[in-house]
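Each ligand, and each atom within it, is numbered from 1 in the order the structure gives.
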Amino acid sequence: MKQFSKDFIFGTATSSYQIEGAANEAGRTPSIWDEFSKIPGKVWNGDTGDIACDHYHRFEEDIEIIKALGVDSYRFSIAWPRIFPYEGQYNPEGMEFYKKLAAKLNEAGIKPFVTLYHWDMPKWAHDKGGWVNRDSVQWFLEYAEKCFEELDGLVSMWITHNEPWCAALLGYYEGVHAPGHKDLEEAAKVSHHLLLSHGKAVKLYKNKLELDKPIGITLNLSPVYPASDSVEDLLAANNFDGYLNRWFLNPIFKGSYPSDMMNLYSKQIKSFDYIQQGDLLDISTPCDFFGINFYNRALIRYSSESTLLFEPGESDYPKTGMGWDVSPNEFKELIHTLRRDYTDLPIYITENGASYEDVLEEDGSVHDSERKDYMEQHLEAIAVLNEEGMNIRGYYLWSLLDNFEWAFGYNKRFGITYVDFTTQKRYMKDSAKRYAEIVHCRQL
Ligand code: IFM
């Protein structure tokens, strides 16, 4: 039996574009995802977040689900285009929604954990060059400052950015996320401006506004393993580790970009002069905690055809519905590596969960035993890590609701609550019921 301490935070998480809908309401203007999802072929089935889970209108019903889970905290993100629908124009009506949401959560004794950027950059900002343009740092700071001023009294913890790797590399290099570009130089600039805006937002929060809630950043990390002991596969695994993990971890925790990756990237990036003096000091501004989204390990092999010399290897691990390796042991190894090489900050697992093909039974039940097992295996890993003194303070199950899974549209269900997207009816899956039990007893 594994026990969680009474101050361990159990939570669940979502993000604005994936659940809110109400795309044109209360002054909101389009984001890059509204644009991207409407380009034919970009998202499965032509799905968009126009309606999504209609959470904007149903948030009170959704808070009832959160209450039924008994969790301590709920993590959600703010849609920037609701707050600044046009450059320099604050929209109080857009902010009102988040004030109501956070106030209702507080009333229910649920701590709001708020992310400022979960990928929905306003179209107006993108039209001016988006994150490739260094001015984006200033636009983000103006937005962040408003959120801090208006919401800090209602919020328990802040995250500046969610998974900057996805925003930068999936969005600007691999082309599979908005805005769908395929240019490594742009992606490198974008990652730099995202990180810079993170560091500067932390400074603004602490030094200028003198606010004192915990603030940090969330990275998506996967420990990387070579498919064999060959020198080629070792090289490929190192490159992928640099591409996914170290390109973000090193500037945040060591104040420098990894030199092996700068060398590798320099074949495609003419100049790194977008990195200005003082930037890395800003990026490595100390935070109060470190957020990690963990889903799977990565098995990597050499490929002479790929520009960065890696490709996914084939593994015989059990897979989730995304084809991702179920790998709770490697999750423990990841945490050990982070503790050894990077940080002793308190860690929050800000996302963990799995998509599987769910079946809604006639009686409204969903027997998602694989998702339940996945969750239990990762919670058990956390309990073990905490017995070792790894200081993991909280766990946020992804996701409260089935939702818009980016390029996969509504084809992939990550929710512990089943959403019938025709009727918008919600059904608690078996995993949600099991999570409620674990949260209630604080043991596995
Ligand atoms: O749905 C996403 C989320 O937006 C960011 N982290 C990974 C999840 C599952 O792919």
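Distances from atom 8 (C) of ligand 1 to the heavy atoms of Phe414, Phe404, Trp406, Tyr295 show the closest one on Tyr295. Nearest to atom 10 (O) of ligand 1 by heavy-atom distance, out of Lys412, Gln18, Glu405, is Glu405.
Cation-pi geometry between Arg442 and Phe8 is not met at under 6.0 angstrom from the ring centre and within 45 degrees of the axis. A cation-pi contact, defined as under 6.0 Å to the ring centre and within 45° of the axis, is absent between Arg393 and Phe289.
On a distance-only criterion, Ser15 and ligand 1 share no N/O pair closer than 3.5 Å.
Only the side chain of His118 comes within contact range of ligand 1, with a heavy atom under 4.0 Å; no backbone atom does. Residue-level proximity to ligand 1 for Trp324 is carried by the side chain, the only part with a heavy atom below 4.0 angstrom.
In this structure, the protein non-hydrogen atom closest to atom 7 (C) of ligand 1 is Glu351 OE1, 3.3 Å.
Results of the side-chain contact (heavy atoms from CB on, under 4.5 Å) test with Leu184 over Leu169, Leu264, Thr307 single out Leu169 as the only residue that passes.
Residues Glu35 and His126 have side chains that never bring a donor and an acceptor to within less than 3.5 angstrom of each other. Between the side chains of His192 and Tyr257, at least one donor-acceptor pair of N or O atoms lies under 3.5 Å.
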